[in-house]
Structures are given as structure tokens and as C-alpha cells.
Amino acid sequence: MLTQPLVEVRNLTVDYVGANTVSRAVNGIDFDIRPGEAFGLAGESGCGKSTVAFALARLTRLPGLVSGGAVRFMGEDVLSFSAERLRRYRWSEVSFVFQSAMNALNPVIKVSEQIEDAILAHRPRASRAETLARAAELFELVGISPRRLDDYPHQFSGGMRQRICIAMALALEPKLIIMDEPTTALDVVVQRDIIEQICELKARFGFSVLFITHDLGLMIEFCDRIGVMYAGELVEVAPASAILTAPQHPYTRALGRSFPPLSGPRVRLEGIAGSPPSLSALPEGCRFSPRCGEAIPICVRLAPELRPTPATGGEAACHLLQ
Ligand SMILES: Nc1ncnc2c1ncn2[C@@H]1O[C@H](COP(=O)(O)OP(=O)(O)OP(=O)(O)O)[C@@H](O)[C@H]1O
Ligand SMILES: [Mg+2]
């Protein structure tokens with residue numbers, strides 16, 4: 001594939017700076033998001049997924065600090081954007097839907113006004129009729145009747161409020177939507193409905209998605225490729241289908257075994273023994289080696305690098321593969 005990636009992340013490093021400590025939450029990771037692709041980030045709690053998402057949107061705030069590497073968006077260096085360029089980047093080019101986004105709606109302002117304000121902030125010359133028409137169109141896109149545009153947030157269910165946030169994220173036709181646990185607070189049926197709707201919208205408008213969820217089954221269904229993170233590093237990147245059928249890294253295998261299968265008979269879930277290391281006491285060598293049932297002597301001495309894995313067409317960082 002010769003098309004330029006939409007997003008190129010190179011050797012990205014993010015620290016959290018304390019009074020006397022620095023925790024490296026993301027340690028030099030590399031991946032691309034292609035145009036129109038849904039890219040998933042998987043991994044246990046605390047492995048750095050949200051930290052990566054924030055860095056991509058240039059939303060890292062102290063004590064967080066992007067201390068190295070590059071993020072390029074359509075070839076442009078995002079980390080050196082001016083304030084003016086950043087305003088355009090956020091919402092018009094990249095938008096964000098968080099787990100708690102639905103609670104970010106202002107309770108005392110009609111949702112129509114909130115959507116119109118979001119549009120006006122970036123398209124100041126739009127007329128009232130234009131913003132209202134766009135708000136109605138967005139409501140229809142996410143399956144809510146435009147007759148409800150004049151309602152207040154509390155008059156909608158949690159699922160509807162989350163759909164409204166997705167509508168707002170779509171308002172300026174961004175090229176990338178970052179979704180960090182966008183449906184986790186919702187029940188399973190509503191969650192699936194919303195994800196299916198995002199899939200349809202993605203097919204129709206061709207935007208890319210960075211998708212983060214703890215539901216590996218949902219991620220595999222929705223994403224084209226998945227990056228698996230462990231303790232601030234990417235250990236494997238592979239087509240979504242290969243994450244369960246041909247996992248190359250022992251951690252990816254362990255993660256797959258700890259999730260219920262999408263189909264077939266019920267099996268006992270194994271979970272992953274032990275817990276991820278603290279960022280202040282990282283093991284030598286491969287960070288997963290203390291929990292890895294397959295570790296060999298070199299694993300505790302030398303950190304493996306991401307290398308191409310011919311079996312999946314992706315990459316993995318494991319000495320057993322080299
Ligand atoms: N504001 C902060 N100050 C200090 N450390 C932080 C801060 N935010 C995150 N961290 C640390 O950075 C690491 C990565 O956190 P992050 O929130 O990116 O993980 P995550 O993969 O998104 O986890 P989850 O699945 O629970 O959302 C963790 O060790 C976390 O404790
Ligand atoms: Mg997170």
C-alpha cells in the first residue's frame with residue numbers, strides 16, 4: 001500500500017513528572033493510522049493507551065509531558081503546531097469522544113445550542129440557518145429525531161447523550177476520531193448499536209478512528225488493525241483478525257485467552273497471572289518477561305525490538321520470534 005498514512009507516530013515518549021520522580025508512561029512507540037482505517041489500542045489498565053490518545057490530539061497537560069518523538073498528521077509535525085494551527089487541528093481535523101463525554105454536555109443549555117456553538121467556534125461565518133440545519137443533519141446521522149434538538153441534556157438517556165457527543169465529534173467532518181472507551185458506561189446492547197452506527201458513518205464518510213476499549217471482542221470486530229501495549233510499549237501490531245487467530249507475542253496470546261470467545265462453546269477464562277510492573281520499578285530486558293511462561297534467558301537481559309512478523313503481516317517485539 002503506497003498511500004501516505006494519515007497519522008505517523010514515531011518514537012513517541014510521554015512522561016508524568018512528579019516533584020522528585022519521572023514516570024515514563026509511553027516509552028518510544030511507533031505506529032501508523034491509515035486513511036479510513038480503524039486502529040485499536042489494546043492492553044491492560046495503566047499500559048498507556050489514553051496517554052497516547054491525548055498526545056495524538058495534543059491534549060497532554062502537566063504533569064504529563066511529551067518528552068520525545070514525533071506525531072505527524074498528513075505529513076505535518078503536530079507537536080510543533082502553533083496555537084492557531086492547533087485550533088484548526090482540534091475538531092476540524094481530529095476530534096475526541098471520551099467515556100465521560102456525555103457528562104461534559106452543559107446541563108442548562110439546549111443541545112442544539114451546544115452543537116451550533118461547536119460549529120460556530122470553527123466556522124464563524126456560518127449563518128444561524130446553516131448551523132441549525134447542520135445540527136439537525138447530525139442528529140439524524142446518529143439516529144436521534146431532530147425534533148429533540150431543543151431538549152436539555154438531562155432529557156436524554158446516557159446512550160443518547162453519548163450519541164450527541166459523537167454527533168458533535170462529526171460536526172466538522174474530521175479525518176480522525178479518537179474514541180477512548182466511548183461506550184463503556186453504557187449497557188451492552190446500546191454499546192453495540194452505537195459502535196455499529198460509527199462503522200456505518202466511517203464507511204460513508206471515510207474518516208479514520210483510533211479506538212480504545214477494554215472489550216477485546218468489540219475491538220476485533222470494529223478495527224482493521226490493533227496495537228497491543230504493555231507497560232508503555234507496543235509489543236505487537238497486527239490485523240485485527242490475527243490478534244485471536246495468529247497472535248505472535250506471548251502477551252497478545254495471554255490477552256486473547258483472558259477474553260470470552262466471540263463464538264463457539266463457553267470456555268473457562270484464564271486471565272493473566274500477576275500484574276503489570278510499576279513504572280518506577282520496571283524489570284530488565286523484556287517488560288513482560290516476569291509474567292511470561294515462555295521466557296528464555298535473553299528475555300531478562302535484553303529488551304526486544306518490534307520486528308516484522310511474516311505470519312500476520314504485522315510486527316511484534318519478542319526474542320522467541322527472532
Ligand atoms: N496525571 C497523571 N499523573 C501521573 N501519572 C499518570 C497520570 N495519568 C496517567 N498516569 C500513569 O501513566 C500510566 C498510563 O496511564 P493511562 O491512563 O494512559 O493508561 P490506560 O492504558 O489508558 O489505562 P486504562 O485502561 O485504565 O484507561 C499509568 O501508569 C498511570 O498511572
Ligand atoms: Mg485510559
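In this chain, numbering begins with 1 at the start of the sequence shown. Bear in mind the structure is a predicted one, so any value in this text is a computation, not a measurement. We count ligands from 1, going down the list as the structure has it; atoms in each ligand are counted the same way.
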Open item on the list: As a test of reading the model: which residues have a non-hydrogen atom less than 4.0 Å away from ligand 1?
Closed with: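 Its neighbours under 4.0 Å (heavy atoms only) are Y16, A25, S45, G46, C47, G48, K49, S50, T51, P63, H214, L279, given by chain and number.
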Ionic contact status for [Y] with [X], cut-off 4.0 Å:
X: R10; Y: D32; value: yes
X: E294; Y: R253; value: yes
X: R85; Y: E93; value: yes
X: E221; Y: R192; value: yes
X: K110; Y: E116; value: no
X: R24; Y: D15; value: yes

TODO: May I ask you to check whether over 12 heavy atoms, not counting those of R147, lie within 6.0 Å of atom CZ?
DONE: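 No, because the 6.0 Å sphere around CZ of R147 holds 12 heavy atoms or fewer from other groups.
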Open item on the list: Looking at E284, I'd like to know if its CD atom is crowded, meaning that more than 12 non-hydrogen atoms belonging to other residues, nucleotides or ligands lie closer than 6.0 Å.
Closed with: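 Count not over threshold, so no.
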TODO: Around the Mg ion (ligand 2), list the protein N/O/S atoms within a radius below 2.8 Å, excluding water molecules.
DONE: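 Short answer, with waters excluded from the count: S50 OG.
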- [ ] Please check if any side-chain donor atom of T252 sits under 3.5 Å from a side-chain acceptor atom of E236, or the reverse.
- [x]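 On atom types as modelled, these side chains qualify, holding a pair under 3.5 Å.
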